[in-house]
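We name chains A, B, ... by the order of the sequence lines, and we start the count at 1 in each one. Values below: all heavy atoms of this structure, side chains included; hydrogens, waters and symmetry mates excluded.
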There are 2 protein chains.
Amino acid sequence: MNDANTTVGSTVYHQIKHDIIFGELAPGAKLKLNALKERYAASLSTLRETLNRLASEGFVDAPAQRGFFVRDVSPEDLSEIAGLRILLECHALELSLANGDTEWESNLVAAHHKLSRMEKKMLLGDKSSKETWKRYDWEFHLATIQACRSQNLLDLHSIIYDKYLRYQNLVLTHRGEIASQEHADLLDAAIFRDADRAKDLLKKHIIGGLAHTSDAMDWKMVDTYA
Amino acid sequence: MNDANTTVGSTVYHQIKHDIIFGELAPGAKLKLNALKERYAASLSTLRETLNRLASEGFVDAPAQRGFFVRDVSPEDLSEIAGLRILLECHALELSLANGDTEWESNLVAAHHKLSRMEKKMLLGDKSSKETWKRYDWEFHLATIQACRSQNLLDLHSIIYDKYLRYQNLVLTHRGEIASQEHADLLDAAIFRDADRAKDLLKKHIIGGLAHTSDAMDWKMVDTYA
DNA sequence: ACTTCAGGTAAATTCGAAAATAACATATAT
DNA sequence: ATATATGTTATTTTCGAATTTACCTGAAGT
């Protein structure tokens with residue numbers, strides 16, 4: 001994230017990952033090397049490196065000698081992902097609230113302000129900047145847990161967050177107004193260092209998103225995340 | 001894990017991962033492609049696929065255009081890894097105890113029996129089968145959480161467990177007798193479905209291993225995992 | 001003495017082609 | 001008609017070579 005990686009491999013990695021998360025490469029789709037070669041203008045070896053990386057992160061399936069597929073979606077998987085996001089993000093949130101300094105606080109307020117502005121724009125019907133909005137949403141949630149002092153935890157969370165995001169992107173509608181209020185409440189609890197309230201709000205926020213997605217997909221969920 | 005992958009890539013992947021976890025490739029070591037090519041009898045491209053996979057799992061560092069390095073170790077990283085193992089494995093344990101059926105129970109008892117036999121052998125001074133012992137230890141802990149009904153959780157846990165194991169393998173001594181008793185107690189709590197006791201025992205088991213490792217490394221730890 | 005720049009060497013990155021394997025269609029036998 | 005065998009095509013896997021980039025050494029300048 002930090003270095004301006006100009007290598008072909010790194011560029012292709014971010015492109016394909018983006019296309020999977022934003023649904024431009026559909027769940028279950030076969031990823032034929034020669035087709036990808038044209039689409040992303042990279043050689044077979046470079047593409048294979050990329051797909052192996054995405055496979056170990058769980059965005060791609062790589063059955064032996066059968067090529068590569070976009071990881072399929074399912075109600076069970078969504079439920080697991082939501083459960084893991086609750087587990088990891090709540091834990092990180094608690095640590096972050098215990099450790100965050102003033103610098104962390106001001107970054108958090110700034111991230112929320114950016115997100116809040118974007119949410120108002122979206123509520124007025126501006127559908128043009130969906131991806132920017134999703135990025136601000138990510139930056140806000142990241143800002144809350146940034147002070148957790150565990151890079152390993154942040155790395156794990158980042159992958160789970162992206163998987164959760166892919167499910168959200170599969171459905172066309174959003175729960176804008178509700179989510180916006182939940183973000184504001186979460187910011188408030190975080191600034192006041194009320195870990196229990198913040199964790200509870202976050203959990204409800206995630207479950208709310210899960211319910212919205214599974215409803216739109218017409219999936220009946222069994223609540224095993226708890 | 002399930003398919004008998006006979007491809008060169010898959011073989012090399014398991015070999016290099018093993019060599020990192022068991023310290024045969026030292027922390028921080030430069031992984032020169034040409035040297036690896038001889039050692040593992042594979043081509044550059046195949047090795048790069050493997051190293052990219054290991055990089056995204058966090059066993060290898062891959063700074064842009066600077067090649068590959070075995071991920072370095074540090075007290076902070078060990079502390080984070082232990083904290084994450086506690087978080088993930090305790091959570092999975094709770095779910096598993098809630099969901100496990102008789103089949104799960106009998107697999108767990110069997111796994112503990114195998115481990116227990118091996119531990120007795122090790123206590124008598126048989127140092128020959130350290131790797132087998134470590135595998136049985138892994139299989140026992142996996143058996144406890146196997147019924148958690150979340151493949152995503154098991155996948156995440158597997159990576160963290162291996163990272164924790166690498167630290168254990170860096171030190172020469174083990175806390176055989178104590179760990180053996182802790183395994184027996186954990187089995188007991190699991191069979192009796194006492195989730196709180198099982199989680200508490202597991203947490204102490206992991207922290208005990210952490211303390212043993214950090215002592216042997218002469219590292220002063222700050223307890224941030226909690 | 002310290003920094004900056006250039007040249008040469010070693011290494012990583014990227015590519016296209018060769019080999020191995022799977023997928024498919026057709027034909028033959030039960 | 002179904003199942004098995006066979007040959008053909010498409011795709012993946014693997015490799016070695018070409019390109020690009022970083023690293024090291026020593027000279028020139030401040």
Side-chain angles (χ1 to χ4, degrees), chain A residues 1-20 24-72 155, chain B residues 1-20 24-72 155:
Chain A
M1 301 290 167
N2 36 14
D3 47 6
N5 258 332
T6 52
T7 75
V8 177
S10 165
T11 308
V12 173
Y13 166 76
H14 289 294
Q15 283 177 339
I16 297 185
K17 186 167 178 176
H18 173 278
D19 288 350
I20 292 176
E24 280 149 52
L25 292 170
K30 179 76 200 280
L31 296 168
K32 291 188 197 171
L33 277 309
N34 284 313
L36 295 184
K37 191 179 152 176
E38 294 205 354
R39 175 163 179 172
Y40 296 102
S43 73
L44 282 328
S45 315
T46 305
L47 282 166
R48 287 183 59 80
E49 286 180 26
T50 298
L51 294 173
N52 270 291
R53 259 174 92 175
L54 291 169
S56 88
E57 290 176 14
F59 294 102
V60 160
D61 276 328
Q65 275 153 343
R66 309 268 241 76
F68 300 91
F69 300 81
V70 177
R71 174 61 66 82
D72 216 339
D155 291 345
Chain B
M1 298 288 172
N2 37 15
D3 47 7
N5 259 332
T6 53
T7 73
V8 176
S10 165
T11 309
V12 173
Y13 167 76
H14 288 294
Q15 284 178 338
I16 297 186
K17 187 168 177 176
H18 173 278
D19 289 350
I20 291 176
E24 279 149 54
L25 292 170
K30 178 76 199 278
L31 295 168
K32 291 188 197 169
L33 277 306
N34 285 315
L36 296 184
K37 191 180 153 177
E38 295 206 355
R39 176 163 179 172
Y40 296 101
S43 73
L44 283 329
S45 316
T46 306
L47 283 166
R48 287 183 58 82
E49 286 181 26
T50 299
L51 294 174
N52 270 290
R53 259 174 91 176
L54 292 169
S56 88
E57 291 175 14
F59 294 103
V60 161
D61 275 328
Q65 273 150 346
R66 310 267 241 74
F68 300 91
F69 300 81
V70 178
R71 174 60 67 81
D72 216 337
D155 291 346

Under-3.5 Å N/O pairs linking protein and nucleotides 7-10 of chain D:
none

Side-chain donor/acceptor pairs under 3.5 Å, residues 39-46 of chain A, sequence neighbours excluded:
residue: R39(A); atom: NH2; partner: D19(A); partner atom: OD2; Å: 3.4
residue: Y40(A); atom: OH; partner: D19(A); partner atom: OD2; Å: 2.6
residue: S43(A); atom: OG; partner: T46(A); partner atom: N; Å: 3.4
residue: S43(A); atom: OG; partner: T46(A); partner atom: OG1; Å: 3.1

Here the gap from H18(B) atom NE2 to Q15(B) atom CD, rounded to the nearest 0.5 Å, amounts to 9.5 Å
Closest heavy-atom pair, P63(A) versus F69(A), reported as atoms and distance to 0.1 Å, is CG-CE1, 3.8 Å
In whole angstroms, the gap separating P of dT13(D) from NZ of K37(A) amounts to 16 Å
CG of L31(B) to CG of L54(B), rounded to nearest 0.5 Å, is 9.0 Å
Applied to residues 58-68 of chain B, the salt bridge (charged side-chain N to carboxylate O under 4.0 Å, His left out) test, sequence neighbours excluded, yields D61(B)-R71(B)
Taking five pairs at each terminus, the helix from dA1(C)-dT30(D) to dT30(C)-dA1(D) shows an axis bend, to 10°, of 20°
CZ of R53(A) to OG of S56(B), rounded to nearest 0.5 Å, is 7.0 Å
Rounded to the nearest 0.5 Å, the OG1 atom of T7(B) sits from the CD atom of Q65(A) at a distance of 6.0 Å
Within residues 39-55 of chain B, those residues having any heavy atom closer than 4.0 Å to DNA chain C are S45(B), R48(B)
Evaluate the side-chain proximity of L33(B) to L51(B): yes if any heavy-atom separation is below 4.5 Å, no if none is.
yes
Across all chains, not counting sequence neighbours, the side-chain hydrogen bond (donor to acceptor under 3.5 Å, both in side chains) partners of R48(A) are E49(B)
Those residues at least two apart in sequence (or on a different chain) that pass side-chain hydrogen bond (donor to acceptor under 3.5 Å, both in side chains) with D155(B) are Q151(B)
Nearest heavy-atom approach of A26(B) to V70(B) is O-CB, 3.3 Å
Review point. dT12(D) phosphate, OP1 or OP2: any side-chain N/O from K30(A) under 4.0 angstrom?
Key: yes
Nt span of DNA chain C in reach of chain A heavy atoms at under 4.0 Å, 5' end first, is dT14(C) to dA23(C)
For T50(B) and V60(B), run side chain to side chain contact (heavy atoms under 4.5 Å, CB included): C-alpha distance rounded to whole Å, both residues' side-chain angles, the deciding distance at 0.1 Å, then the answer.
CA-CA 10 Å; T50(B) 299; V60(B) 161; over 6 Å; no
Can you tabulate the close N/O pairs, meaning under 3.5 Å, that link protein atoms to atoms of nucleotides 19-24 of chain D?
residue: dA22(D); atom: OP1; partner: Q65(B); partner atom: OE1; Å: 3.3
residue: dC23(D); atom: OP1; partner: R66(B); partner atom: NE; Å: 3.1
residue: dC23(D); atom: OP1; partner: R66(B); partner atom: NH1; Å: 3.4

CG of L36(B) to NZ of K30(B), rounded to nearest 0.5 Å, is 10.0 Å
Practice problem: Would you indicate what L31(A) reaches in the nucleic acid, counting non-hydrogen atoms under 4.0 angstrom: base, sugar-phosphate, or nothing? | Solution: sugar-phosphate
